[in-house]
Amino acid sequence: MKKILLLVFANISLSLVGWSQSIESVKTLTLLGQTDKAKAEIDKAASNQKFMAKAEAYILKTAIYASLSMSDENRAKPTGNALVEEAHNAFEKYKSMEPDLKKMNEEDLYKNGPINIYYNYYNQGLTDYNAKNWETAIPKLEKAIYYSDFLIGKSILNFPLDTNLLILTGFVAERANNNEVAVMAYKRLADGKVAGPDFEIVYQYLVRYNFLSKDLINFEKFKSLGASLYPETEFFKLDELDFTVGIVESIAEKMSALNGFIQNNPDSYKAHELRWTYLYDTLANVQEGDAIPTEKAQWESDMLTSLKKCAQLRPEEIKNHQYLGNYYVIKKELANEERRKFAEELQKRTKPGTKASPADIAKREQLDKEYLEAMDIILEPYLLTAKLYAGLKTLDPREKQQYKNIAGYLAEIYESKQKRAVKDPALAAKWGAEAKKWNDTYDSVK
């Protein structure tokens, strides 16, 4: 029995010595730069269960395959890409077998394994970036980040954050429309408050992304951070409303966005001002013969609502009253044009010496009535505008001309009211006095 036990012990010892000699010989080949031979030896040992039962076998394989993947004959080629995948798999196996990474920490040869894997994936991603192969670059760059984090954590890479890799990954992910990866990469840079001309896009992207995601807390967070790092950039001075309107193109989309904002912020002066400004420009520029948008009636109603709301919120602002009056002038001119056209048409089809039909007379009277109503409605906003102009200590040339124009319109309106009050002498005299007052004002503005 004693003999048998000694024999078994001797066989085990020989096996361990054989394993030790094999792994040391492969390591020696690697250290001597004979990496191809080392690969051949470790490939032979792959079928040896005792050899591969040791964690060191996998970190050794990692070092050999990763080194070969970066050699001149293999790098950036399918063979090199295949080798780095093998190295990656071997490294993952090693970590699972030796979580404290004792062997890797002890020997520089083994540290070179993950370093070469990192550079290989980085280079693959960079190659795809240069070729604009955005989608295929992402998984390679993600693996590069994985190894970068590992190497930084082990103080093998001597910087706190791999800024170039992260911004490359974010840039590529943006173009691949992969928001998840872009946010991951850019957020890490932003959390590190990385700054400089090349990194402003990081904060702009995160601001836009969080706004579109309706995450207003992070929207404000990254906008504030961007403003602190890039104080001269107007982008970071924009507010929620600016983004609400700015991210859409068409007037219909802008109105939908503004209407939604106003519904939640009914007393927002800026929102109402934006709405009436957009709509005023749109409606005031409709030319004869243009297709009338189906939304015109709603747009006009919204514009007038917002103009009046602005006048209520800031009654001291001249433009709120003036533009309301200006729009009513446009409406008055349109009503006058319609009246003029009908008069010409009626004259052409009415024989001399004959009376117009009752229907035509009724229509003419209705058009006259609409014209006078359109004129009278100008009165209130222009009176408020004129009062504000009169209260200014000084007027620049543009303001003087606007004040004169308004005084002229007020005189015209009161003259019209004077003529219509011919059967009421007292009222006619009242309107006449007002007309004179505004004519005198017109003449007094120099």
Side-chain angles (χ1 to χ4, degrees), residues 276 279-288 290 292 296-297 299-312 315 317-347 356 360-390 399-445:
W276 78 249
L279 291 174
Y280 185 95
D281 289 343
T282 301
L283 295 170
N285 287 310
V286 173
Q287 301 295 317
E288 187 175 353
D290 288 351
I292 304 299
K296 183 176 183 294
W299 287 354
E300 184 173 67
S301 173
D302 289 341
M303 181 197 69
L304 294 174
T305 296
S306 284
L307 265 169
K308 292 172 184 177
K309 184 68 173 180
C310 284
Q312 174 192 337
E317 287 280 352
I318 291 177
K319 65 181 178 182
N320 295 324
H321 310 291
Q322 184 170 328
Y323 274 87
L324 182 58
N326 290 352
Y327 190 73
Y328 288 148
V329 168
I330 293 171
K331 297 286 286 182
K332 185 263 291 184
E333 294 299 328
L334 290 173
N336 191 42
E337 181 64 14
E338 190 173 355
R339 185 177 67 146
R340 184 191 63 77
K341 283 183 177 179
F342 181 75
E344 288 180 355
E345 177 195 338
L346 185 59
Q347 186 177 15
D360 284 336
I361 292 172
K363 183 172 182 179
R364 182 177 61 199
E365 290 175 349
Q366 179 61 30
L367 290 173
D368 287 342
K369 179 174 177 287
E370 290 173 1
Y371 168 72
L372 294 172
E373 288 173 349
M375 177 181 284
D376 287 345
I377 204 172
I378 300 168
L379 196 60
E380 182 182 355
Y382 268 5
L383 283 171
L384 290 168
T385 306
K387 181 180 178 182
L388 290 170
Y389 273 129
E399 290 170 332
K400 286 179 182 178
Q401 188 57 55
Q402 290 176 338
Y403 189 15
K404 284 178 72 74
N405 290 343
I406 288 166
Y409 264 110
L410 290 172
E412 179 185 337
I413 293 167
Y414 280 117
E415 286 167 0
S416 171
K417 291 171 81 67
Q418 181 185 16
K419 290 176 183 176
R420 283 177 273 159
V422 66
K423 294 181 181 179
D424 186 339
L427 188 58
K430 176 184 175 182
W431 297 145
E434 287 293 328
K436 182 179 184 307
K437 174 181 125 181
W438 290 110
N439 276 319
D440 291 345
T441 300
Y442 181 92
D443 292 335
S444 70
V445 179

Are [X] and [Y] side-chain neighbours, meaning at least one heavy-atom pair lies under 4.5 Å?
| X | Y | answer |
| --- | --- | --- |
| Ile330 | Asn326 | no |
| Leu383 | Lys387 | no |
| Leu283 | Tyr327 | yes |
| Asp360 | Phe342 | yes |
| Met375 | Ser416 | yes |
| Lys308 | Gln312 | no |
| Trp438 | Ile406 | no |

How close do [X] and [Y] get, heavy atom to heavy atom, and via which atoms?
| X | Y | result |
| --- | --- | --- |
| Ala407 | Thr441 | CB-CG2, 4.1 Å |
| Ala421 | Ala428 | O-CB, 3.5 Å |
| Leu324 | Leu307 | CA-CD1, 3.8 Å |
| Tyr442 | Gly408 | CD1-N, 3.9 Å |
| Pro381 | Ile377 | CD-O, 3.4 Å |

Using the rule given for side chain to side chain contact (heavy atoms under 4.5 Å, CB included), can you reason through Tyr382 versus Asn405, listing the C-alpha separation, both sets of side-chain angles and the distance that settles it, and then say yes or no? CA-CA 10 Å; Tyr382 268 5; Asn405 290 343; over 6 Å; no

How far does [atom1] of [X] sit from [atom2] of [Y], to the nearest 0.5 angstrom?
| X | Y | atom1 | atom2 | answer |
| --- | --- | --- | --- | --- |
| Ile378 | Ile413 | CD1 | CD1 | 4.5 Å |
| Leu372 | Arg339 | CG | CZ | 6.5 Å |
| Lys296 | Thr282 | NZ | OG1 | 11.5 Å |

So, Glu300 and Lys331, do they make that salt bridge, N to O below 4.0 Å?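 Looking at Glu300 and Lys331, the cut-off is met.
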
Please identify each residue that fulfils side-chain contact (heavy atoms from CB on, under 4.5 Å) with Ala435, with sequence neighbours left out. Tyr414, Glu415

Is a side-chain donor or acceptor of Thr305 paired with a backbone partner of Ser301 at a separation under 3.5 angstrom?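 Judged by distance alone, yes, a pair lies under 3.5 Å.
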
Hey, is the main chain of Pro315 close enough, under 3.5 Å, to the side chain of His321 for a donor-acceptor pair?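 Between the backbone of Pro315 and the side chain of His321 there is a qualifying donor-acceptor contact (under 3.5 Å).
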
Option among Glu412, Glu337, Glu338 that satisfies the salt bridge (Lys or Arg N to Asp or Glu O under 4.0 Å) test with Lys332: Glu412

Counting neighbours of CD on Glu344 that are heavy atoms of other residues, nucleotides or ligands and sit closer than 6.0 Å, is the number greater than 12? yes

May I ask you to check whether over 12 heavy atoms, not counting those of Glu380, lie within 6.0 Å of atom CD? no

For Tyr389, which of Lys404, Glu399, Gln402 qualifies under side-chain hydrogen bond (donor to acceptor under 3.5 Å, both in side chains)?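 Of Lys404, Glu399, Gln402, side-chain hydrogen bond (donor to acceptor under 3.5 Å, both in side chains) with Tyr389 is met by Gln402 alone.
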
Exactly one of Glu370, Lys369, Lys363, Arg364 should register a side-chain hydrogen bond (donor to acceptor under 3.5 Å, both in side chains) with Gln366. Which one does? Glu370

Sort and list the pairs that fulfil salt bridge (Lys or Arg N to Asp or Glu O under 4.0 Å) and have at least one residue in residues 419-430, not counting sequence neighbours.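 Passing the test, one end in residues 419-430: Asp376-Arg420.
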
Under 30°, 30 to 60°, or over 60°: which ring-plane class applies to Tyr323 and Trp276, parallel, tilted or perpendicular? tilted

